[in-house]
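Below is one structure; the comments refer to it alone.
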Protein chains: 2
Amino acid sequence: MQVTSRDATGTTTDKFNCSVCPVRDHAVCSRCNPEEFEQFKAIRRIRSFSKGAHIMRAGEPMTSVGSLTRGSAYLRRSLEDGRRQMVGLLMPGDFIGRPGRREVAFDIIAGTEVQLCQFRIGDFERILQASPAVSRRLLEMTLDELDAARLWMLVLGRATSRERLTSLFALLVQHDARHMSRKIGISAKIELPFARSDIAEFLGLTIETVSRRFSDLQGDGLIRIEGRRKILIPDYLALIAETGDSESWRHEFHGEVCLSSAVE
Amino acid sequence: MQVTSRDATGTTTDKFNCSVCPVRDHAVCSRCNPEEFEQFKAIRRIRSFSKGAHIMRAGEPMTSVGSLTRGSAYLRRSLEDGRRQMVGLLMPGDFIGRPGRREVAFDIIAGTEVQLCQFRIGDFERILQASPAVSRRLLEMTLDELDAARLWMLVLGRATSRERLTSLFALLVQHDARHMSRKIGISAKIELPFARSDIAEFLGLTIETVSRRFSDLQGDGLIRIEGRRKILIPDYLALIAETGDSESWRHEFHGEVCLSSAVE
DNA sequence: CCGCTTCCTTGATCTGAATCAAGTTTTTTA
DNA sequence: TAAAAAACTTGATTCAGATCAAGGAAGCGG
């Protein structure tokens, strides 16, 4: 059983109830049988990180893995002269860490206040070995992330700055839709989990270019900027028509797009 | 048991001996017990594809999965106006296809003559359900591919054309090293599995830019172009110093870099 | 509420890679 | 083995996004 501890960025508590866990039905533990679930409960440790904190740093030993339960975080990798690229976006339910590897490969940074449900890597690996339900779920999640990473490689390799920004909006709308298990209407409102500089790092652009494209898209009526971190998308289909790959952004909805107009 | 069949691009044969399979010790089946191994043997189907052939096409139903046993292939994804990006490189031992998904997400194209060891997706999924060894191995392979994809996202998002090309060379040297289980000396010779236009698609550049950077690197003595598809790298460390991320290309060797000079 | 800092926007200019345009070399085919 | 096609290289020009530079708006700490 875990001793309660505290460090610079986070706190540990055992007062956490899995039955009201916000990611209970899509995290790595979501397909466990009751017995496996008890094992996880016994070894879990809830921690929180404040916005901007490093959850892990590339190169340091990987001591724990776990699920992101609240907030959002991102994976980042840097070139030696400081150029940076975000290489992944972590939303509630996503798994953090890599069983079978002893060293962290990417910086993981809290984009907002973040809450994690962590396990020491050895403890987790023991459950992983023993439980086909857990390893199957983790495989499924990893395969999904691999597909998403490859889809994003197309954006980074070939899309224009306008296409990149509209693709990011489409991605965020979908994330919301999936996690809120809400259907998307013709219009949508998204909360940006990042500052402009983070968006630039995500898209492989500079902050100035990102800012200009925000203005352009607003000028063209494709988005409405409502305060620094909120944007309204009056017509989702018009937006994805600007991504250069509307087919896959429509398709990725898994058939949940609601085409009815007259929402706005 | 599989009936022998033939189609436009490939042939099926049952004359294939797993005990001399070139990827026996790192493919998805490499950790099976003898019983599981027999199951694979019973359902496998060997097929070959000629250079340039589509092994699978994005959007079509995924009917089979399998291992690449000989040759190399790549994953590609296109924007609607035809811009293309390679999003993965498949070498012998790599797994093709995605259990749990019914539709192919990427075009898969044979870069050379290719030989595959395929299974019908349903057959494979049955073994995957039953065998922890197979699902653990597939998880491990998928996690490795995810890391590789994310590393490449940094190249596509932030690297200059010169850095992209040197990174590709570093990647190919490492692939060789890993598959030949041969240590890398200070100098290396690589066989390019692609034409210039494929390299351009891989790097997110145009063919003209790729050609110019080849010439520049040769002019600077970092490579020697020996025929269309062979290049000699006289000094690997000098080459990776040009990638903008020499640390990770050195590191990725898993400590196998041989620093002894006087090889050339 | 004020001053400070951080974040964001906009403008002017520059630059690396794209595009357009020939040529050259290699490979294929007849 | 000659002709045609495909693959590659090099040069001139253009352009999207980077860089350099300045100012404005929002959040914050006292």
Side-chain angles (χ1 to χ4, degrees), chain A residues 50-53 79 81-85 109 111-113 155-168 191-220 223-231 242-244, chain B residues 50-53 79 81-85 109 111-113 155-168 191-220 223-231 242-244:
Chain A
S50 52
K51 183 179 150 175
L79 291 175
D81 65 0
R83 279 170 289 167
R84 289 168 174 174
Q85 178 64 49
I109 297 129
T112 62
E113 274 300 307
V155 173
L156 293 177
R158 296 295 177 187
T160 63
S161 59
R162 183 182 178 97
E163 289 166 341
R164 291 178 198 218
L165 192 54
T166 49
S167 299
L168 178 63
E191 180 88 24
L192 300 173
F194 324 102
R196 296 287 184 275
S197 59
D198 301 321
I199 295 176
E201 286 184 11
F202 204 78
L203 300 179
L205 299 170
T206 59
I207 185 172
E208 294 95 330
T209 299
V210 170
S211 190
R212 282 183 236 277
R213 292 304 90 84
F214 262 88
S215 304
D216 294 350
L217 290 173
Q218 174 153 256
D220 296 345
I223 62 170
R224 204 144 68 235
I225 303 170
E226 310 202 313
R228 216 163 249 208
R229 292 201 167 205
K230 271 198 182 64
I231 71 155
E242 299 289 325
T243 60
Chain B
S50 52
K51 182 179 152 177
L79 291 174
D81 65 0
R83 280 171 287 168
R84 289 168 177 176
Q85 177 65 49
I109 296 129
T112 61
E113 274 300 308
V155 173
L156 292 177
R158 295 296 177 187
T160 64
S161 58
R162 183 183 177 95
E163 290 166 341
R164 290 178 198 218
L165 192 54
T166 50
S167 298
L168 177 62
E191 180 88 24
L192 300 173
F194 325 101
R196 296 288 183 276
S197 59
D198 300 321
I199 294 176
E201 286 185 11
F202 204 78
L203 300 178
L205 299 171
T206 58
I207 186 174
E208 294 94 330
T209 298
V210 169
S211 189
R212 283 184 236 278
R213 292 304 89 84
F214 261 87
S215 304
D216 294 351
L217 290 173
Q218 173 152 257
D220 296 344
I223 62 170
R224 203 144 69 238
I225 304 170
E226 311 202 312
R228 211 161 253 209
R229 292 200 167 205
K230 271 198 185 61
I231 71 156
E242 300 288 326
T243 59

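Note that the structure is predicted; figures quoted are calculated from it, not measured.
Under the 4.0 Å criterion applied to side-chain N and carboxylate O atoms, Glu242(B) and Arg162(B) are assigned as salt-bridge partners. Classification of Glu191(B) and Lys230(B) as a salt-bridged pair holds, one side-chain N sitting under 4.0 Å from a carboxylate O. Under the 4.0 Å criterion applied to side-chain N and carboxylate O atoms, Glu208(A) and Arg213(A) are not assigned as salt-bridge partners.
Considering only side-chain N and O atoms, Ser215(B) lies nowhere under 4.0 angstrom from the phosphate OP1 or OP2 of dT9(D). OP1 or OP2 of dA16(D) has not a single side-chain nitrogen or oxygen of Thr160(A) nearer than 4.0 Å.
Here the side chain of Gln218(A) pairs no donor or acceptor atom with the backbone of Ser215(A) at under 3.5 angstrom.
Taking the side chain of Thr206(A) as heavy atoms from C-beta on, and the options dC8(C), dT19(D), dG17(D), the nearest nucleotide is dT19(D). In the set dT10(C), dA17(C), dT9(D), the nucleotide with an atom closest to the side chain of Leu205(B) is dA17(C). Counting only heavy atoms from C-beta on, Arg212(B) has its side chain closest to dT19(C) among dT19(C), dC20(D), dT9(D). The nucleotide whose nearest atom lies closest to any side-chain atom of Ile225(A) is, among dC8(C), dT9(D), dT9(C), dT9(C). Comparing dA18(C), dT19(C), dC8(D) by their closest approach to the side chain of Glu208(B) singles out dT19(C).
Contact annotation for Gly204(B): backbone-only contact, meaning every heavy-atom pair under 4.0 Å involves sugar-phosphate atoms and none involves a base. Across all strands, Arg164(A) comes closer than 4.0 Å to no nucleic acid atom at all (heavy-atom distances). If you check every strand for non-hydrogen atoms under 4.0 Å, Arg83(A) touches nothing.
Side-chain contact between Leu165(B) and Ile199(B) is present, with at least one heavy-atom pair separated by less than 4.5 Å.
The interatomic distance linking Arg158(B) (CZ) with dA17(C) (P) rounds to 14 Å, in whole Å. Separating the CG atom of Leu156(B) from the C1' atom of dG17(D) is a distance of 17 Å, rounded to the nearest angstrom. One interatomic measurement links the two molecules: CD1 of Ile207(A) to P of dC20(D), which rounds to 15 Å at whole-angstrom precision. Arg213(B) places its CZ atom 15 Å from the C1' atom of dC8(D), with the value rounded to the nearest Å. Protein atom CD of Glu201(B) is 19 Å distant from nucleotide atom P of dA17(C), rounded to whole Å. Here the C1' atom of nucleotide dG17(D) and the CG atom of Leu165(A) are 14 Å apart, to the nearest Å. Following rounding to the nearest Å, Leu203(A) (CG) and dA16(D) (P) show an atom-to-atom distance of 18 Å. Following rounding to the nearest Å, Arg196(B) (CZ) and dA18(C) (P) show an atom-to-atom distance of 16 Å.
A residue-by-residue look at Phe194(A) and Ser161(B) shows that Phe194(A) has its nearest nucleotide of DNA chain C further toward the 5' end. Toward the 5' end of DNA chain D, the nearer of the two residues Thr209(A) and Arg228(A), judged by each one's closest nucleotide, is Thr209(A).
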